[in-house]
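In what follows, every chain begins at residue 1, and chains take the letters A, B, ... in the order their sequences are listed.
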There are 2 protein chains.
Amino acid sequence: MRLTTRGRYAVTAMLDLALNIEKRPVTLSEIADRQGISQSYLEQLFSKLRKKGLVDGTRGPGGGYKLGRSAALISVGDVISAVNEPVDATQCGGQKNCRGENPCLTHDLWQELSLQIQNFLSGVSLKELMDKESKNSGAKAPLTSLTPIHMQVNSAIKTSVF
Amino acid sequence: MRLTTRGRYAVTAMLDLALNIEKRPVTLSEIADRQGISQSYLEQLFSKLRKKGLVDGTRGPGGGYKLGRSAALISVGDVISAVNEPVDATQCGGQKNCRGENPCLTHDLWQELSLQIQNFLSGVSLKELMDKESKNSGAKAPLTSLTPIHMQVNSAIKTSVF
DNA sequence: CTTATAACCAAGTAATTTAGTCAAGAATAG
DNA sequence: CTATTCTTGACTAAATTACTTGGTTATAAG
């Protein structure tokens, strides 16, 4: 799991898409304008999102993108891991042949933690974020915390490959 | 909150430090050897960790590093945010003057989510990871999940600045 | 059928971040 | 004094990120 501005862009774009879809698909130029992201950069991100089934694209006039499935079934973790290459960064490549007294000791621990982060992000759906927004729309109330995270998520959400 | 291999190196090194300290401080060359990380790179990381009070360094023979406070009071989030610059990546710099119909709408949502991730990582202490390891040491049992995460953390841990 | 629209695709480039080297300095135990 | 180890700074190579350019395909609308 990697968490950079790239994932932020992807989540932002997906949220914009989910929030602005009415009947017609949403075009990338709309999202680019609203969110201030380069359209061609969005094209690259959406190429990856499409290959993971998170969005569906239709070409031609009136075309654009729509969500590949219900916003409730798309997790933030799905989006972020879709646009990032998986990280390795161990000197042994997960083969536990690191020399020394403590082979891969902390590596295992990090991998475990990484999995926890992944699970956490799989527990937050786009829909939750959308609902959060509609509650605060218009009102100037400060953003409070999200609803308590349930670690046991719908198994349908857990389809994201690490 | 940023999550890259850099944070992984930092957490790995901090875990190695916490696990290998007996009486004497742990030297960077030890950590570098055990974990296969360049010593000079570790020096850079530990410079930042030291400035945040997460480690204490003592020079000279017999010197090295020790934890700045109890492992139970050092969260993974502390370590990761210590070695990374904070992310912004909004075109308005958080000033909500983005043009268009939905100014900074999704930005707020991301910021909220980012805070949730930060809180989550602040809920996992180095000590928890160490205990996890000592349970599995020797045994070849597969690593199972960490103990359920309590979102309400010790307030002492929440000192990390975002 | 033509045309405008918009997804799709690939190559290249500038900026940033990451990971590492190198060289020096300062504190300190022995 | 001397070896050790932290501490600091400058510099470099590689990787990633963000963006540009220039196309091609599919398709709705005229």
Side-chain angles (χ1 to χ4, degrees), chain A residues 2-13 17 21 23-33 35-52 54-68 80 82-91, chain B residues 1-13 17 21 23-33 35-52 54-68 80-91:
Chain A
R2 182 174 303 199
L3 197 62
T4 64
T5 53
R6 191 191 184 93
R8 176 177 187 149
Y9 278 132
V11 171
T12 298
L17 172 55
I21 212 163
K23 292 179 191 174
R24 317 196 150 278
V26 181
T27 69
L28 288 189
S29 66
E30 287 178 56
I31 301 178
D33 282 354
Q35 303 300 331
I37 310 173
S38 143
Q39 177 170 345
S40 293
Y41 191 44
L42 280 179
E43 283 173 4
Q44 289 173 40
L45 298 182
F46 272 70
S47 170
K48 298 193 172 192
L49 294 170
R50 193 175 61 87
K51 277 163 189 162
K52 298 281 174 134
L54 299 179
V55 295
D56 277 336
T58 57
R59 304 200 223 191
Y65 284 98
K66 56 187 179 61
L67 296 182
I80 290 176
V83 297
N84 285 322
E85 304 304 322
V87 196
D88 184 17
T90 56
Q91 80 264 34
Chain B
M1 174 57 56
R2 183 174 301 199
L3 198 61
T4 65
T5 52
R6 190 190 185 95
R8 176 179 187 147
Y9 279 131
V11 171
T12 298
L17 173 55
I21 211 163
K23 293 179 190 173
R24 315 197 150 277
V26 182
T27 68
L28 287 189
S29 65
E30 287 178 56
I31 301 178
D33 280 354
Q35 302 302 330
I37 310 173
S38 144
Q39 177 171 343
S40 293
Y41 191 44
L42 280 179
E43 285 171 1
Q44 291 173 40
L45 297 182
F46 272 70
S47 170
K48 298 192 172 193
L49 294 170
R50 193 175 60 86
K51 277 164 188 161
K52 297 280 174 132
L54 299 179
V55 295
D56 278 337
T58 57
R59 304 197 224 192
Y65 283 98
K66 55 186 179 62
L67 296 182
I80 291 175
S81 57
V83 298
N84 284 323
E85 304 303 324
V87 194
D88 185 17
T90 56
Q91 80 263 35

Closest listed nucleotide, where the reference is the side chain of Thr5(B) and the choices are dA19(C), dT17(D), dC19(D): dA19(C)

Atom pair distance, as rounded to whole Å: CG in Asn84(A) and C1' in dT18(C): 15 Å

Check: dC9(C) base within 3.5 Å donor-acceptor of Gln44(A) side chain: no

Distance, rounded to the nearest Å, where Lys51(B) contributes NZ and dG9(D) contributes C1': 11 Å

Distance test, side-chain N/O of Thr4(A) to OP1/OP2 of dT16(D), below 4.0 Å: no

Whole-Å gap separating P (dC19(D)) and CZ (Phe46(A)): 15 Å

Qualifying residue, where the test is side-chain contact (heavy atoms from CB on, under 4.5 Å) with Phe46(A) and the options are Val83(A), Leu54(A), Ile31(A): Ile31(A)

Proximity to the side chain of Ser38(A) - top-ranked nucleotide from dT21(D), dC8(C), dC19(D): dC19(D)

Sugar-phosphate, base or nothing in reach of Thr27(A), heavy atoms under 4.0 Å: sugar-phosphate

Residue mapping more 5' on DNA chain C - nearest nucleotide basis, Val83(B) or Pro61(B): Val83(B)

Between dC8(C) (P) and Lys48(A) (NZ): distance, integer Å: 16 Å

Sugar-phosphate only, base, or nothing, as touched by Thr58(A) at under 4.0 Å among non-hydrogen atoms: sugar-phosphate

Value in whole Å for how far the C1' atom of dT21(C) lies from OH of Tyr41(B): 14 Å

Value rounded to 0.5 Å, distance of CD1 in Ile37(B) from CZ in Arg8(B): 10.0 Å

Distance, rounded to the nearest Å, where Leu45(A) contributes CG and dT16(D) contributes C1': 13 Å

Sidechain N-carboxylate O distance under 4.0 Å for Lys48(A), Glu85(A): yes

Upstream residue (5' side of DNA chain D) when Gly60(A) and Leu28(B) are each assigned their closest nucleotide: Leu28(B)

Arg6(B) (side chain) donor-acceptor with Asn84(B) (main chain) under 3.5 angstrom: no

Atom pair distance, as rounded to whole Å: CD1 in Ile31(B) and P in dC6(D): 8 Å

Candidates dT8(D), dA27(C), dG20(C) - which lies nearest the side chain of Glu43(B): dT8(D)

Separation of dT17(D) C1' from Arg8(A) CZ (nearest whole Å): 15 Å

Sugar-phosphate, base or nothing in reach of Tyr65(A), heavy atoms under 4.0 Å: sugar-phosphate

Any donor-acceptor N/O pair under 3.5 Å between dT25(D) base and Arg59(A) side chain: yes

Check: Ser40(B)/Ser38(B) side-chain N/O donor and acceptor closer than 3.5 Å: no

Distance test, side-chain N/O of Arg50(B) to OP1/OP2 of dT7(D), below 4.0 Å: yes

